[in-house]
Amino acid sequence: MVLVAFTLVPGVSFADSGSKLLATGGASTIEGAGGGGIVPWATLSSYADVGEWGATVNVSEVAVDDFRLSVQGASLSWNNRVEVSYARQTFDLSTIGGELEQNILGVKARLFGDLLYGNLPQVSVGLQHKSNQSFALPSAVGATDDSDTDYYLSAAKAWLDGPFHRTWVANVTARRTRANQIGLLGFGGDVDDSAEWVAEASVAAFINRYWAVGVEYRQKPDNLSFADEQDWRDVFVAYFPSKRVSVVGAYTDLGSIAGLDDQTGWYLSLQAAF
């Protein structure tokens, strides 16, 4: 099964384009927060530095043989300290019947440290309040709630002269969640209704200043008896021709979704900042 995804993220930024290094603005996740494709990072969205504002808007499309996910969102960051994000997801399950919608409001705050400078990693804390707008199907398969809040702690660090004399970036995230398929199938379930801590991680190496390759991993809870929920992973290539544009493509393995196995394929994103 092949996944083909397209993300268009035009951005409006009040940041000085020279204040932060290329690629430190990252991308928008499918839940709206700044980071990779499936994992929020400790870094904040846009290139806004101390004393600056930055904003992005995003439109994402994910298409597979059995499912289709559409995401529209926006984020606002200030002072390289606080990020507020919003995403609206529409999940088309036409092959098994129905359509699911979810709204996600996120807040992230940098606690201490810096991505590039000093010995400490950049550490941020965040939350994502998720509200499922189409609860009939999730309820029918065993979900117990139509809304809940994920809490997470992320740490990120870059090494400008890492192994093989390349720049490396690593991010680890611990998330407390009870979301089924990131909330698209509701929260909690007939197997387990309590929140649990799960692990997420990203590692990237820059081939040169414009190109990077990396991997992402996201652990998932398994709360519903009707179908196994498996961890997500991807292998990606990112291209940063300028601070205004970034392009990311990935081979993605989402495991089994709603009882349909082998959801593997491709993710593609385009982000622009102004």
Rounded distance [0.5 Å steps], CD in E200 versus CG in D231
10.0 Å
Under a 4.5 Å cut-off applied to non-hydrogen side-chain atoms, are L115 and W41 in contact?
no
Quick check against the 3.5 Å criterion: does W197 have a side-chain atom that pairs as donor or acceptor with the backbone of A174?
no
Are the side chains of R233 and V215 in contact, using a 4.5 Å heavy-atom criterion?
no
State whether the side chain of Y47 and the backbone N or O of A23 hold a donor-acceptor pair below 3.5 Å, judged by distance alone.
yes
Side chains of W232 and Q181 in contact at under 4.5 Å (non-hydrogen atoms)
yes
When rounded to the nearest 0.5 angstrom, what distance separates CG in L185 from CG in L137?
6.5 Å
S124 side-chain N/O to A42 backbone N/O, donor-acceptor pair under 3.5 Å
yes
Would you confirm whether D150, through its side chain, and Q128, through its main-chain N or O, come within 3.5 Å as a donor-acceptor pair?
no
Let me confirm one number: the CH2-OG distance from W78 to S46, rounded to the nearest 0.5 Å.
13.5 Å
Do the side chain of R88 and the main chain of N103 share a donor and acceptor less than 3.5 angstrom apart?
no
OH on Y267 to CG on L254, rounded to 0.5 Å
11.5 Å
Can a side-chain donor-acceptor contact be found between S131 and Q133 if the only test is distance below 3.5 angstrom?
yes
Within residues 82-124 or reaching into it, pairs that qualify as ring-ring contact (aromatic ring centres under 6.0 Å, His included) - sequence neighbours excluded
F67-F91
So does A205 get a backbone contact from the side chain of R166, meaning a donor-acceptor N/O pair under 3.5 Å?
no
I need the minimum non-hydrogen distance between T29 and V39, along with the two atoms involved.
CG2-O, 3.5 Å
Nearest 0.5 Å, please: how far is CG in D148 from OG1 in T177?
7.0 Å
In terms of heavy-atom contacts, A55 and L76 come closest through CB-CD1, 3.9 Å
Determine the minimum heavy-atom distance between T173 and P40, stating which atoms define it.
OG1-O, 2.9 Å
Got N171 and S154 here, is their nearest side-chain heavy-atom distance under 4.5 Å?
yes
Does the pair D192 and S194 meet the rule for a side chain to side chain donor-acceptor pair (under 3.5 Å), with working shown?
CA-CA 6 Å; D192 191 351; S194 59; 2.8 Å; yes
Closest heavy-atom pair and its distance - N58, S28
ND2-OG, 3.9 Å
K157 side-chain N/O to L120 backbone N/O, donor-acceptor pair under 3.5 Å
yes
Within the 4.5 Å heavy-atom criterion, are K220 and I182 side-chain neighbours or not?
yes
Would you check if K108 and L44 make a side-chain contact, meaning some heavy-atom pair closer than 4.5 Å?
yes
Are the aromatic rings of Y251 and W266 close, with centres under 6.0 Å apart?
yes
Derivation of the side chain to side chain contact (heavy atoms under 4.5 Å, CB included) call for Q230 and Q263:
CA-CA 10 Å; Q230 299 175 341; Q263 300 292 331; over 6 Å; no
Going by heavy atoms in the side chains, are L268 and V247 under 4.5 Å from each other?
yes
Taking D193's backbone N and O only, do any of them form a donor-acceptor pair with R178's side chain (distance below 3.5 Å, no angle check)?
yes
With a 4.5 Å cut-off on side-chain heavy atoms, are P138 and N180 touching?
no
Check: L184 main-chain N/O paired with Q89 side-chain donor or acceptor under 3.5 Å:
no
Are the side chain of T144 and the backbone N or O of F187 linked by a donor-acceptor pair below 3.5 Å?
yes
What are the two closest non-hydrogen atoms of Y152 and V107, and how far apart are they?
OH-O, 4.5 Å
Test side chain to side chain donor-acceptor pair (under 3.5 Å) applied to D261 and S256, step by step:
CA-CA 4 Å; D261 296 332; S256 177; 2.9 Å; yes
Check against side chain to side chain contact (heavy atoms under 4.5 Å, CB included), L153 and L111
CA-CA 10 Å; L153 181 70; L111 299 179; 4.2 Å; yes
Which value, rounded to the nearest 0.5 Å, describes the distance between F135 atom CZ and S147 atom OG?
9.0 Å
When you look at E229 and N223, which way does the side chain to side chain contact (heavy atoms under 4.5 Å, CB included) test go after all the steps?
CA-CA 8 Å; E229 181 165 352; N223 301 323; 5.9 Å; no
Using side chain to side chain contact (heavy atoms under 4.5 Å, CB included), reason through V191 and D222 one step at a time and then give a plain yes or no.
CA-CA 8 Å; V191 173; D222 190 11; over 6 Å; no
Testing the basics here: between A250 and F236, what is the closest heavy-atom pair and its distance to 0.1 Å?
CB-CB, 3.6 Å
